[in-house]
There are 2 protein chains.
Amino acid sequence: MVAGPTSTGPGKERLRLWIRLLRASRTIEAELRERLKKEFDTTLPRFDVMAALYRVPEGMLMSDLSRFLLVSNGNVTGIVDRLVSEGLVTRARRNGDRRTSMVRLTEEGAKSFATIAAVHEGWVGELLGGVSDDEARQLAGMLKSFRSNWEGRE
Amino acid sequence: MVAGPTSTGPGKERLRLWIRLLRASRTIEAELRERLKKEFDTTLPRFDVMAALYRVPEGMLMSDLSRFLLVSNGNVTGIVDRLVSEGLVTRARRNGDRRTSMVRLTEEGAKSFATIAAVHEGWVGELLGGVSDDEARQLAGMLKSFRSNWEGRE
DNA sequence: GAAAATTATTTCAAGCTTAAAGTTTTACAA
DNA sequence: TTGTAAAACTTTAAGCTTGAAATAATTTTC
């Protein structure tokens, strides 16, 4: 996914766009992952789960998390397991439906996330510093329209 | 990395851009991965390695591959191991420097890649179909400038 | 030319990821 | 009811991923 187009023709331009999109996000992702590890001894997937939960004090179901984060169910299970064992997150049995459990940040988890998120936002600002405000808005708009277009598809 | 901004303020816009960028690439990546699996019983990392090698008939060193693909050395070792065991790639010992080996596509590997790449290009065209030609060019340009800006950084 | 540093690669442990199969619980329908 | 399907999760096997440690070969330095 990171190599160049192998031919010329009609699909070439979009392929080029895709490759650049992927390289850009991989570059930024790798840098953020490394900094999360070095500065806070945590990982991107843990951060993602905590970010999702932080927005919703009442908690989320496992399936909500997996849908929201665009990853598989089994994946979320493992990450939440680890967060629980570190005391950052809890699984609360529900009265209504015993298949499900509400996943919530603990107080410690919320505090920890808030600290990391503030620094993280600064990193993103730094790493995307080369993009002007105008470009940022424009890019974000295009990506949004791409996304809504896509979502209607499946 | 997929959740929304947790605050308002100066860094907010770039954070939003980053989240959209990441969601877009993850969505496309997931779809391509699934199709590669279903249609060709292969994976994205294998495809990436083969794409890199396809451009360079004389082959690449392991370290070239890892640099080019933006992944770690140990990672490439495992993927190439599997490709070798499937007969799609060879490791050739070099006379000059016995630490290194040239990794090349086999004839079968090149043939296999060419088939997959053609279909893959079509998929990307389809998945990015919601982006107009104009937008595609513009986006690609911005991402390119981001990338060169970034590369001067480290 | 021997010791030290560097380079290229592999190995390892831990964690992430998916798809598929399995478990438990709930909902529904005859 | 009571069985059948559906839903929410977890488990499993295989593979991907990283950073760090280990190997081996080359280059540099004295």
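We name chains A, B, ... by the order of the sequence lines, and we start the count at 1 in each one. This one's a predicted model, so the numbers in the text were calculated from it and none came from an experiment.
- Among residues two or more places apart in sequence or in another chain, the salt bridge (charged side-chain N to carboxylate O under 4.0 Å, His left out) test is passed with A/Arg91 by A/Asp81.
- Taking atom CG of A/Leu32 as the reference point, atom P of D/dT17 lies 18 Å away to the nearest angstrom.
- The 12-atom threshold is exceeded at CD of B/Glu58, counting heavy atoms of other residues, nucleotides or ligands nearer than 6.0 Å.
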* **Sugar-phosphate or base contact per nucleotide [nucleotides 18-25 of chain C; S, B, -; heavy atom under 4.0 Å]** => B-----BB

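- B/Arg104 and B/Thr90 are not linked by any side-chain donor-acceptor pair at a separation below 3.5 angstrom, with hydrogens and angles left out of the test.
- Taking atom CD of residue B/Glu86 and atom P of nucleotide D/dA14, one finds them 14 Å apart after rounding to whole Å.
- Residues satisfying the salt bridge (charged side-chain N to carboxylate O under 4.0 Å, His left out) criterion with A/Glu39, sequence neighbours excluded, are absent altogether.
- Annotation: B/Phe40 is not in aromatic contact with B/Phe47 [ring centroid separation under 6.0 Å not met].
- The side chain of B/Ser63 lies closest to C/dA8 when the candidates are D/dT10, C/dA8, C/dG15.
- Rounded to an integer number of Å, the gap from CG of A/Leu83 to C1' of C/dG15 is 12 Å.
- The CZ atom of B/Arg94 sits 15 Å away from the C1' atom of D/dA24 (whole-angstrom rounding).
- Between B/Thr100 and A/Ile79, the residue anchored closer to the 5' end of DNA chain C is B/Thr100, taking for each the nucleotide with the nearest heavy atom.
- For B/Ser112 (side chain) and B/Glu108 (main-chain N/O), no donor-acceptor pair under 3.5 Å exists by modelled atom type.
- Between B/Arg67 atom CZ and D/dT18 atom P there is a gap of 15 Å when expressed in whole angstrom units.
- Looking at B/Arg14, its side chain does come within 3.5 Å of a backbone N or O of A/Leu128 through a donor-acceptor pair.
- Following rounding to the nearest Å, B/Leu61 (CG) and D/dT26 (C1') show an atom-to-atom distance of 14 Å.
- B/Asp64 places its CG atom 7 Å from the P atom of C/dT9, with the value rounded to the nearest Å.
- The side chain of A/Arg91 places an N or O atom within less than 4.0 Å of a non-bridging phosphate oxygen (OP1 or OP2) of D/dT10.
- With rounding to whole Å, A/Asp81 atom CG is found 17 Å from C/dA14 atom P.
- Residue B/Arg26 places none of its side-chain N or O atoms closer than 4.0 Å to OP1 or OP2 of C/dT17.
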